[in-house]
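Bear in mind that the values here come from a model prediction, so they are computed numbers and not experimental data. Order of listing sets the numbers, starting from 1, for every ligand and every atom in it.
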Amino acid sequence: MKGTFPIEQFSALRTPFYYYDTTLLRDTLDTINREAGRYPNFCVHYAVKANANPKVLRIIKESGLGADCVSGGEVRAALKAGFPAHKVVYAGVGKSDWEIELGLDNDIFCFNVESVPELEVINQLAAARGKVAHVAFRINPNVGAHTHANITTGLAENKFGIAMEDMDRVIDMAHTLPHVKFVGLHFHIGSQILDMSDFVALCNRVNQLQEQLVQRHIIVEHINVGGGLGIDYQHPNRQPIPDFAEYFATYHKHLKLYPGQTLHFELGRAVVGQCGTLVTRVLYVKQGSHKQFAIVDAGMTDLIRPALYQAYHKIENITSEAPAEAYDVVGPICESSDVFGKAIDLNRCQRGDLLALRSAGAYGEIMASGYNCRELPIGYLSEELK
Ligand SMILES: *Cc1c(COP(=O)(O)O)cnc(C)c1O
């Protein structure tokens with residue numbers, strides 16, 4: 001089954017471009033709010049890095065989610081889109097001084113701190129402003145996720161977070177610094193996680209660390225378990241809204257919260273992944289000696305996930321009903337890795353056909369680059385094309 005697209009409106013647009021189905025986006029946000037809303041102490045943030053298109057951000061802001069940022073630029077984009085500063089959290093292993101200052105000047109909710117030297121710098125910069133920065137410690141829980149090696153983040157070998165064995169020492173240190181207030185623990189184990197047992201493993205780890213703290217009479221206000229819920233790239237139409245009921249229920253069941261604690265989530269891919277499509281035009285069909293190529297006008301500069309992580313995106317010819325043939329779908333960039341898919345069955349292609357690369361709403365447009373002096377793709381909302 002193919003997706004349904006406004007082909008007529010598409011034909012007037014310059015390709016390649018991103019297309020965002022805002023009905024699906026809003027339905028997804030409603031589902032998140034409904035399912036998380038079953039648990040009064042759950043609080044959901046949107047991970048801005050998945051897609052920071054201002055029009056998309058504004059819709060997400062309107063739904064009431066907070067913003068999880070990983071750079072000063074993202075903090076700025078979130079504030080510009082209207083996210084209130086008290087719902088902005090900021091993580092990242094390498095925060096520059098200006099980025100920390102931006103967060104301080106805007107009184108963001110919390111810095112997720114990833115090292116001792118960073119904690120000291122935040123304390124200094126906050127002191128210079130006469131402020132007290134709220135900090136949570138990002139702990140590396142040494143929990144693996146069954147996902148692509150490039151997108152696991154919670155193993156001891158990864159650069160992210162503070163080692164578990166250093167947690168007590170870092171908390172003690174925070175208590176000696178007058179311009180930081182320690183408010184919570186933060187975790188994030190990776191991305192495109194579909195196996196709930198990975199999240200259960202994280203819950204068990206958090207429970208263990210919390211017990212360790214409770215023995216020291218420390219109960220933090222906030223636990224943040226990051227994001228990582230995956231989407232179905234193989235079958236974008238089968239369940240376009242991820243199973244948020246199961247996701248939140250897993251945390252409700254397995255993570256032990258103490259009285260007064262809030263549980264925070266930072267979802268990126270699961271919010272925006274399925275609502276986005278990269279639309280590209282077939283430039284040439286080239287017959288090779290063993291196969292045929294559909295050469296399209298989008299490249300790895302527009303959607304890098306296949307080249308970067310061997311990621312799969314379902315490809316459909318949305319302007320042809322002719323019998324299917326197998327194609328290698330490739331872009332125009334001067335790199336052999338500029339391939340969207342090999343031996344892909346597509347309704348027979350001819351020059352001018354439009355192909356849809358599905359499930360491209362997350363880590364698509366935002367990762368576009370100007371390599372080969374290419375222009376960045378434009379993102380259109382479905383409601384703009386009506
Ligand atoms: C990337 C990231 C997220 C979001 O990950 P998804 O897999 O898109 O849900 C959440 N928190 C942090 C700290 C991140 O770096």
Within less than 4.0 angstrom of ligand 1, does Tyr363 place any heavy atom? yes
Would Ser191 count as being in polar contact with ligand 1, using the rule that some N or O on each side must be under 3.5 angstrom apart? yes
Tell me: protein heavy atom nearest atom 13 (C) of ligand 1, and distance? Glu266 OE1, 3.5 Å
Which residue and non-hydrogen atom of the protein lie closest to atom 5 (O) of ligand 1, and at what distance in Å? His188 CE1, 3.4 Å
Among all the protein's non-hydrogen atoms, which is closest to atom 14 (C) of ligand 1, and how far away is it? Lys49 NZ, 2.8 Å
When you look for heavy atoms under 4.0 Å from ligand 1, do you find them on the side chain of Asp68, its backbone, both, or neither? side chain
Location of contacts on Arg269 toward ligand 1, heavy atoms closer than 4.0 Å: both
Charged N-O contact under 4.0 Å between Glu74 and Lys49: no
If you scan protein heavy atoms around atom 4 (C) of ligand 1, the nearest is Ala47 CB, 3.4 Å
Checking ring pair (Phe, Tyr, Trp, His ring centres under 6.0 Å) between His264 and each of Phe42, Phe109, Tyr39, which is the one that passes? Phe109
For ligand 1, is there an atom lying under 4.0 Å from some heavy atom of Gly228? yes
In terms of heavy-atom contacts, Leu57 and Ala77 come closest through CD1-O, 3.8 Å
Parallel, tilted or perpendicular: which fits the ring planes of Tyr251 and Phe199, with parallel below 30° and perpendicular above 60°? tilted
Glu383 with Arg26: basic N within carboxylate O range, under 4.0 Å: yes
Does Gly227 reach ligand 1 with a nitrogen or oxygen that is under 3.5 Å from one of the ligand's nitrogen or oxygen atoms? no
Lys NZ or Arg CZ of Lys95 over Tyr90 ring: under 6.0 Å, within 45°: yes
Under 3.5 Å, side chain of Tyr46 to main-chain N/O of Asn51, donor-acceptor pair present? yes
Which atoms form the tightest heavy-atom contact between Leu255 and Cys203, and what is the distance? CB-SG, 3.8 Å
Enumerated ligand 1 atoms positioned under 4.0 Å from heavy atoms of Gly268: 6 (P), 8 (O), 9 (O)
